[in-house]
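Input: a single structure, listed below in structure tokens.
All residue numbers in this chain count up from 1 along the given sequence. Model, not experiment: these values are computed from the prediction.
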Amino acid sequence: MFWVFAIVPVIALIFASINYKRVLAIDEGTPEMKEIASAIRVGADAFVNYETRVIFIYAIVIAVILTVVVEWYVGVAFLIGACMSTLAGRFGMNMATQANVRVSNTARTEKDIGKAMKVAFQGGSVSGLSAAGFGLLGLFIIYFVFGKWLNQLSLENLTLKVNWLGISYIPFTMSVSGYSLGCSIVAMFHRVGGGIYTKAADMGADLVGKTELDLPEDDPRNPATIADNVGDNVGDVAGLGADLLESFVGAIISVVILILYSFFLLGSDVFSYESTLKLTFYPIFFVSLGLISSIIGILYIVVKKASGDPHKELNTSLMMSAFLTIITTFFLTMFYLKDIPIKELQMIGFKAGIYSPWIGAIIGILDGILIGFVAEYYTNEKYKPTRELSEFSKGGPAIIITKGLALGMQSVLVPVFLLMLGILLSFEFSGLYGVAMAATGMLSFVATTVSVDSYGPIADNAGGICEMAKLPHEVRKITDELDAVGNTTAAIGKGFAIGSAALAALALFASYIYAQANVADAGIGHLLSIMILNIVDSRTLAGAFFGAALPFFFSAYLINAVVNSANQIVDEVRRQFREIPGLAEGETKPDYENCVKISTEGALSQMKVPALISVLTPIIAGFLLGPDFVGGILIGTTLSAVMLAVFTANSGGAWDNAKKRIESGEIEGEGKGSEAHKAAVVGDTVGDPLKDTVGPSLDILIKIMAVTSVITVSIFKVYHFF
């Protein structure tokens with residue numbers, strides 16, 4: 001079965017290559033369209049190339065540290081994870097910068113929203129298939145290489161070892177943790193760097209162009225326009241691909257770590273080596289079938305005749321992928337787990353026999369879909385919250401900002417309730433393994449989720465190219481409709497990412513508690529007897545307080561980074577309109593490159609600190625105050641970050657779509673350029689760094705901290721000062 005399923009990510013990457021070539025075969029359009037697209041492409045490539053060089057330096061340093069402190073194979077696994085995440089983000093972004101102009105030209109030549117949507121989605125599918133394909137391919141490599149070159153793990157890899165520092169660890173657990181950490185570090189750099197870049201340019205372009213000069217969206221006279229469109233690619237495509245790959249891998253390894261520690265703590269006389277192997281391979285076989293289901297869901301849009309309802313098509317693709325995943329994994333569970341003794345399953349909390357982990361995963365899938373629908377309800381202009389928010393724009397910027405903050409806060413309760421319900425139900429059926437499988441199930445069809453999400457920035461870029469190339473109004477109308485759908489799908493994607501991050505962080509936290517157990521605890525007979533972290537203990541409680549505050553400090557740093565760069569963009573745009581003769585009249589071209597340079601320098605100078613915060617916080621805290629303090633930090637950070645992520649994502653999405661509702665003329669007498677529109681633009685610019693920089697980065701923060709803690713707990717369990 002290993003080799004059968006190992007082919008799946010290769011098939012996904014081949015399918016991504018086919019889609020890439022099919023999109024490239026489409027004509028780019030007029031010479032002016034080609035020139036604009038080339039400028040966006042060059043800017044995006046330059047930023048990501050430099051960012052990759054920075055990441056490479058950090059990756060080498062971390063890999064060396066892991067090699068020295070733990071073992072060489074942990075450092076190698078870390079580098080493999082970093083490479084896979086980099087490739088996924090890079091391939092997706094390269095496609096996006098090629099697809100945007102082809103969407104514009106399809107809208108120009110065909111005048112058909114369905115055909116234009118198909119091109120945008122096919123471009124986005126390269127990002128989705130790359131994220132799932134590279135992430136899963138890397139996992140198969142880790143299983144193969146660090147499973148002693150066999151299609152199964154050796155018993156030696158599942159037993160406790162002690163290295164030269166006296167640190168105890170399970171070899172394969174460290175390998176998959178290292179791989180996950182490599183994916184996470186790259187995701188953090190891409191999300192933070194890309195998020196600062198894109199939102200600084202977006203805010204600068206809108207605040208001067210729309211509110212001061214009454215320029216249309218993406219007007220070619222606006223010097224920040226190219227930087228804004230470059231940002232969509234580096235933040236919302238490259239960053240998104242690396243982000244969801246990291247979530248995907250993090251969810252899977254949380255299952256693996258839990259079952260390996262369960263095997264160690266229960267002892268082989270209670271829980272057999274054979275059962276451990278099956279449950280260790282089960283999650284990657286599960287997501288392999290999810291990837292096959294995603295390929296079918298993507299093919300549904302690529303092959304069928306285009307319709308005029310993009311939102312319906314994208315939702316159908318997503319639901320089809322989810323449904324097929326549920327069906328195919330049922331049969332996997334039935335045949336693959338049938339030989340595991342019931343008594344052993346009961347020892348790890350399985351109450352529905354071999355179907356327990358499948359039920360946990362299905363609960364996660366349904367939970368993710370429901371959280372996505374809640375995000376859509378609060379951010380889509382078709383529903384009451386955003387429609388009401390757009391009406392409040394008539395009261396001015398302060399009113400719409402205050403109303404949007406209230407909307408975001410209100411939107412936290414239902415997703416958190418759904419997460420609570422998902423945790424309780426999955427734990428009831430299959431223990432902590434089931435909770436981890438719920439996170440895995442939620443992201444099992446991540447290829448489709450990312451494809452649908454990546455479609456949005458491609459459509460957004462297409463609209464920008466239409467405006468800058470001065471294409472007819474009916475062409476821009478098509479791309480605007482595609483972009484509006486993309487904003488909704490982005491909110492759904494963020495819902496999946498936040499939900500899976502919470503569940504995966506919980507499973508990794510359980511692994512952290514397991515990792516603290518002493519060797520003498522092996523064979524205790526039941527895992528729950530060591531699942532103790534006293535929340536009223538002074539160290540744990542102090543850690544929880546500190547951990548709860550950390551996401552706010554982290555978020556403030558990111559917002560400041562965006563605002564500092566945006567302020568420079570605002571000054572530069574004003575300067576050019578003041579000093580360049582004929583710019584306001586469209587007789588002279590602006591200096592696009594200077595705004596690109598400001599955004600690039602701002603992002604690159606600020607992106608290192610957030611990554612260091614996420615990695616160093618649990619390590620320094622552990623060496624100072626020990627594992628109980630770090631356990632408290634993980635609790636506080638996870639709870640605080642999840643709620644803050646939901647709040648920022650939904651507030652930002654609602655402000656964005658409230659602005660677009662006004663621009664589409666749905667509020668009588670309040671179209672583009674009106675006072676209500678200017679107020680909505682201010683609200684949108686407030687929401688930009690919240691939804692596209694802060695929210696996505698918080699998901700990565702909690703998983704990096706959890707994985708780092710799992711890797712290092714055996715060190716500061718032995719070595720801490722106080």
Side-chain angles (χ1 to χ4, degrees), residues 5 8-9 11-16 18-19 22 113-115 117-133 135-136 244 247-248 251 285-333 358 361-376 380 438 440-456 458-459 482 485-486 488-497 499-500:
F5 282 110
V8 174
I11 293 171
L13 293 174
I14 291 171
F15 184 33
I18 293 170
N19 283 345
R22 290 187 66 180
I113 189 171
K115 291 181 179 178
M117 182 278 291
K118 184 178 285 192
V119 176
F121 179 78
Q122 200 162 8
S125 72
V126 174
S127 182
L129 292 165
S130 295
L136 191 54
L244 269 295
S247 297
F248 178 61
F285 293 165
F286 189 101
V287 296
S288 296
L289 290 176
L291 182 49
I292 293 172
S293 301
S294 295
I295 291 172
I296 296 170
I298 292 168
L299 274 171
Y300 163 78
I301 290 182
V302 172
V303 173
K304 77 180 289 292
K305 185 179 179 181
S307 74
D309 190 346
H311 191 263
K312 180 182 176 182
E313 295 284 354
L314 294 173
N315 274 347
T316 302
S317 175
L318 200 62
M319 293 303 107
M320 181 183 293
S321 300
F323 177 75
L324 289 173
T325 300
I326 292 171
I327 297 300
T328 55
T329 54
F330 173 80
F331 291 104
L332 168 72
T333 307
W358 177 80
I362 303 316
I363 289 170
I365 291 174
L366 297 177
D367 218 13
I369 292 170
L370 290 174
I371 291 171
F373 283 151
V374 171
E376 182 179 8
N380 193 322
T440 303
M442 198 178 284
L443 289 172
S444 56
F445 49 99
V446 70
T448 308
T449 307
V450 176
S451 298
V452 170
D453 216 344
S454 298
Y455 147 92
I458 292 174
L482 295 175
V485 173
T488 301
T489 59
I492 294 173
K494 288 182 177 71
F496 271 94
S500 63

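Scanning both residues, Ser288 and Leu136, for their nearest heavy atoms gives OG-CD2, 3.5 Å. Listed here is the closest heavy atom pair of Asn19 and Gln122: OD1-NE2, 3.2 Å. Closest of all the heavy-atom pairs between Ser451 and Gly128 is OG-CA, 3.6 Å. For the residue pair Gly499 and Ile371, the shortest heavy atom distance occurs at CA-CD1, 4.3 Å. Here the shortest heavy-atom pairing between Leu129 and Leu13 reads O-CD2, 4.1 Å. Minimum heavy-atom separation, Ser127 to Val450: OG-CG1, 3.6 Å.
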message: Under the criterion side chain to side chain contact (heavy atoms under 4.5 Å, CB included), I'd like the reasoning laid out for Leu289 against Val8: C-alpha separation, chi angles, the key distance, then a yes or no.
response: CA-CA 8 Å; Leu289 290 176; Val8 174; over 6 Å; no
message: Go through it in stages, so that I can follow the logic: the residues are Phe15 and Leu299, the test is side chain to side chain contact (heavy atoms under 4.5 Å, CB included), and I'd like the CA-CA distance, side-chain angles, deciding distance and then a yes or no.
response: CA-CA 10 Å; Phe15 184 33; Leu299 274 171; 3.6 Å; yes
message: Set out, in order, the CA-CA distance, both residues' side-chain angles and the distance that settles side chain to side chain contact (heavy atoms under 4.5 Å, CB included) for Phe323 and Ile327, then state yes or no.
response: CA-CA 6 Å; Phe323 177 75; Ile327 297 300; 3.9 Å; yes
task: I would like to know whether Leu332 and Phe5 meet side chain to side chain contact (heavy atoms under 4.5 Å, CB included); could you show each step before the answer?
output: CA-CA 12 Å; Leu332 168 72; Phe5 282 110; 4.2 Å; yes
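Note that CG of Leu366 is 6.5 Å distant from CG of Leu370, once rounded to the nearest 0.5 Å. Here the CG-OG1 distance, from Leu443 to Thr325, works out to 11.5 Å after rounding to the nearest 0.5 Å. Going from atom OG of Ser321 over to atom CG of Leu291 covers 10.0 Å, rounded to the nearest 0.5 Å. Between Leu324 atom CG and Ile295 atom CD1 the span is 11.5 Å, to the nearest 0.5 Å. Put simply, CD1 on Ile363 and CE on Met442 are 10.5 Å apart, with the number rounded to the nearest 0.5 Å. Annotation: the span from Ile369 atom CD1 to Leu318 atom CG amounts to 6.5 Å, rounded to 0.5 Å.
For Lys304, the NZ atom is densely surrounded, since the number of other residues' heavy atoms within 6.0 Å is greater than 12.
In this structure the side chain of Met117 never reaches within 4.5 angstrom of the side chain of Val485, judged on heavy atoms. The closest side-chain heavy-atom distance from Ile458 to Phe121 is not below 4.5 Å. For the pair Ile365 and Phe445, the minimum side-chain heavy-atom distance is below 4.5 Å. In this structure, Thr328 and Ile292 have side chains that are not in contact, with every pair of non-hydrogen atoms separated by 4.5 Å or more.
Taking the six-membered ring where the residue is Trp, Phe330 and Trp358 present perpendicular rings, their angle passing 60° and hence far from 30°.
With hydrogens and angles ignored, the 3.5 Å screen pairs no side-chain donor or acceptor of Tyr300 with any backbone N or O of Glu313.
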